[in-house]
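Comments concern the structure below.
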Amino acid sequence: MNVPLAPPQVTLKPLDRLDWSPRFHRLPAHFYSRVLPQPLPDPYTVAFNPDAAPLAGMAPEEGRRADFAEHFCGNRLLPGATPLAAVYAGHQFGHYVPRLGDGRAMSLGETVGSEGLCDLQFKGAGLTPYSRMGDGRAVLRSSIREYLCSEAMHALGIPTTRALAIVGSDQPVIRETVETAAVVTRLAPSFIRFGSFEYWYHRREAEPVRTLADFVIDQFYPEFGGRPDRYELFIGEVVRRTAHMIAGWQAVGFMHGVMNTDNMSILGLTIDYGPFGFMDGFDPGHVCNHSDEGGRYAYNMQPRIAHWNLYALGQALVPLLDPEAIEARLNTWDTLFDQALEARLRAKLGLATADPEDPALVEEMFALMAESRLDFTLFFRNLARVSVTGPVGDKAIRDHSMNPARFDAWAARYRARLAREGSRDAERRVLMNAVNPKFVLRNYLAETAIRKAADERDFGEIARLHAVLRRPFDEQPGNEAYAAAPPDWAGRLEVSCSS
Ligand code: AMP
Ligand code: MG
């Protein structure tokens with residue numbers, strides 16, 4: 001019998017004595033460029049996340065150190081850190097770009113943390129050989145969005161990179177307007193992307209594709225190591241993890257906004273938060289990114305795009321594998337994704353069993369949500385109020401419906417379905433509220449925190465919002481305002497690729 005090993009106990013360290021154990025740096029030098037952060041004037045800590053510190057093996061109280069900001073913008077290099085920028089390529093909006101790379105991100109190396117090795121990465125710490133026309137910087141606005149959303153997604157149970165801190169500076173950074181610079185420290189076992197493989201494949205260099213695949217398997221998929229079919233198992237597992245991640249996105253109404261293959265993690269993590277959004281009023285074709293004029297990354301396109309991106313990865317693995325074997329693994333997508341999404345939807349509806357009638361029930365639900373542009377998050381949260389015994393609990397949704405008769409008909413069907421499986425209101429409500437969040441990072445909530453930070457240098461709202469989003473499924477009496485659908489002023493908010 002296999003006895004699971006207890007997680008390794010790590011002693012949390014001061015920031016200048018982290019337990020570095022660089023791995024990516026062991027790859028041949030053509031996979032990256034050594035870089036150094038560019039100093040920022042008078043840095044200050046904008047946000048610090050004590051929850052994430054142990055992941056890096058760092059004691060949470062280190063966030064209060066006077067020299068924290070100096071270290072976490074890169075002005076003072078953490079002892080033991082060896083910053084590098086990785087090279088990668090990618091399909092951007094469907095078009096292959098042969099060389100992208102970390103244009104403003106740099107990995108400091110891996111440390112030993114509470115969940116194993118953890119890559120610490122700065123985003124916005126200055127120019128790298130991959131900066132192309134960019135300035136190597138990130139603005140405070142987009143850094144706050146990335147920080148809050150990584151942590152919100154984690155709390156929702158969706159695989160994601162994490163965020164440790166934001167350090168700001170008054171140094172101006174020019175976007176559509178003049179903004180100020182910030183550095184986010186983000187954490188993940190690895191930031192290797194689909195595009196990291198594509199880079200070598202499209203240069204017709206097979207050996208680095210193999211080296212990278214062996215590295216990723218050795219570090220992150222060790223169960224496949226040494227097996228003759230390891231590359232096949234590897235791509236199969238990436239398909240499975242990606243399906244699980246995308247099902248998670250669809251189930252909470254999350255839209256990534258820029259699903260280019262360079263923004264797809266080889267570990268199936270949500271990565272590179274830019275013009276993302278959470279669905280407010282339900283519109284299946286909603287495009288959250290105003291730079292995405294063709295709607296390539298609309299909400300209802302995400303599963304298809306993820307599959308397309310997996311094909312781009314599969315193509316890059318052709319030097320290692322028989323194309324038919326790759327295709328067979330890629331073709332597991334439909335089943336894996338459908339199963340993952342169905343399981344999530346069943347839980348969202350509080351259904352304990354599967355019934356042949358369920359797809360039709362779900363389809364009609366989404367149709368009436370779309371017809372009345374019902375708020376995605378509030379709809380599912382309020383769905384728990386619907387009772388098996390009668391329509392009293394329907395009100396919370398019905399009152400917002402533009403077609404109450406249609407909703408009544410659906411609610412009656414849903415009630416009958418619940419009754420058929422002997423569902424009990426009290427028990428079902430507890431289970432539904434554990435999967436249907438009350439709080440998500442709505443655009444206007446992020447915007448409020450951003451305005452306070454940028455205009456008044458008041459970072460309190462970032463911390464308050466983070467505290468709410470850490471417990472998205474809890475009722476949190478007193479925090480109702482954070483669960484509200486967007487106010488009128490939020491209708492004019494736009495997010496774009498500019499960050
Ligand atoms: P993204 O769409 O944000 O994932 O970025 C695509 C590519 O552009 C990546 O290679 C980034 O590193 C690079 N990039 C984005 N913004 C900047 C910037 N301000 N300076 C340098 N490179 C950037
Ligand atoms: Mg990116």
Side-chain angles (χ1 to χ4, degrees), residues 31-33 35-38 40 73-74 83-107 119 121-147 149-150 160-161 163 168-169 171-184 186 188 190-199 202 245 255-267 269-277 287-294 296-297 305-306 309 312-313 495-499:
F31 285 97
Y32 53 81
S33 301
V35 291
L36 283 174
Q38 281 178 294
L40 278 174
C73 72
L84 61 78
V87 69
Y88 53 82
H91 280 86
Q92 296 189 311
F93 293 90
H95 302 286
Y96 186 66
V97 182
R99 193 171 130 119
L100 293 164
D102 290 330
R104 53 175 171 167
M106 52 187 76
S107 281
D119 193 344
Q121 189 172 81
F122 286 161
K123 183 167 175 182
L127 293 169
T128 78
Y130 315 107
S131 298
R132 296 178 293 157
M133 307 300 283
D135 55 10
R137 292 299 180 192
V139 295
L140 179 63
R141 163 179 56 86
S142 63
S143 304
I144 293 170
R145 286 171 52 85
E146 169 140 14
Y147 176 90
C149 201
S150 322
T160 175
T161 61
S169 161
Q171 174 156 305
V173 175
I174 297 162
R175 296 293 181 259
E176 278 88 0
T177 60
V178 180
E179 303 187 47
T180 60
V183 175
V184 189
R186 52 185 191 179
S190 170
F191 292 91
I192 295 175
R193 299 135 196 275
F194 291 7
S196 312
F197 291 86
E198 291 178 274
Y199 178 78
H202 291 278
M245 172 185 81
M255 295 157 284
H256 183 282
V258 201
M259 288 177 70
N260 295 335
T261 56
D262 50 300
N263 291 338
M264 297 290 292
S265 149
I266 201 67
L267 303 183
L269 306 173
T270 313
I271 190 175
D272 276 11
Y273 292 90
F276 64 81
V287 182
C288 65
N289 175 4
H290 276 77
S291 314
D292 180 8
E293 282 160 18
R296 181 179 172 87
Y297 301 137
I305 290 291
N309 289 345
L313 174 65
V495 292
S496 71
C497 278
S498 147
S499 61

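Heads up: numbering here begins at 1 and tracks the sequence. Whatever order the structure lists them in is the order used to number ligands and atoms, beginning at 1.
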Passes ring pair (Phe, Tyr, Trp, His ring centres under 6.0 Å), Y297 versus F93? Steps please. CA-CA 8 Å; Y297 301 137; F93 293 90; 5.0 Å; yes
I would like to know whether S498 and E176 meet side-chain hydrogen bond (donor to acceptor under 3.5 Å, both in side chains); could you show each step before the answer? CA-CA 8 Å; S498 147; E176 278 88 0; 2.9 Å; yes
To the nearest 0.5 Å, tell me how far T261 OG1 sits from Y199 OH. 14.5 Å
Nearest-0.5 Å distance that lies between atom OG1 in T160 and atom CD in E146: 8.0 Å
Between R137 and G124, is there a donor-acceptor pair closer than 3.5 Å when you use the side chain of the first and the backbone of the second? yes
In terms of the angle between their ring planes, are H91 and Y96 parallel, tilted or perpendicular, with boundaries placed at 30° and 60°?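 Rings of H91 and Y96: tilted, 30 to 60°.
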Enumerate the protein residues lying less than 4.0 Å from ligand 1, judged by heavy-atom distances, in chain and residue-number order. Y88, Q92, L100, G101, D102, G103, R104, S131, R132, G134, D135, G136, R137, R175, D262, N263, D272
Anything protein N/O/S under 2.8 Å from the Mg ion (ligand 2)? Just list residue and atom, please. N263 OD1, D272 OD2
Decide yes or no for C73 and S169: does some side-chain heavy atom of the first lie under 4.5 Å from some side-chain heavy atom of the second?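 No. Closest side-chain heavy atoms not under 4.5 Å.
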With side chains defined as the heavy atoms from C-beta onward, is the minimum distance between D102 and Y88 less than 4.5 Å?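 A side-chain contact under 4.5 Å exists here.
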Exactly one of N260, D272, N309, D262 should register a side-chain hydrogen bond (donor to acceptor under 3.5 Å, both in side chains) with R193. Which one does? D272
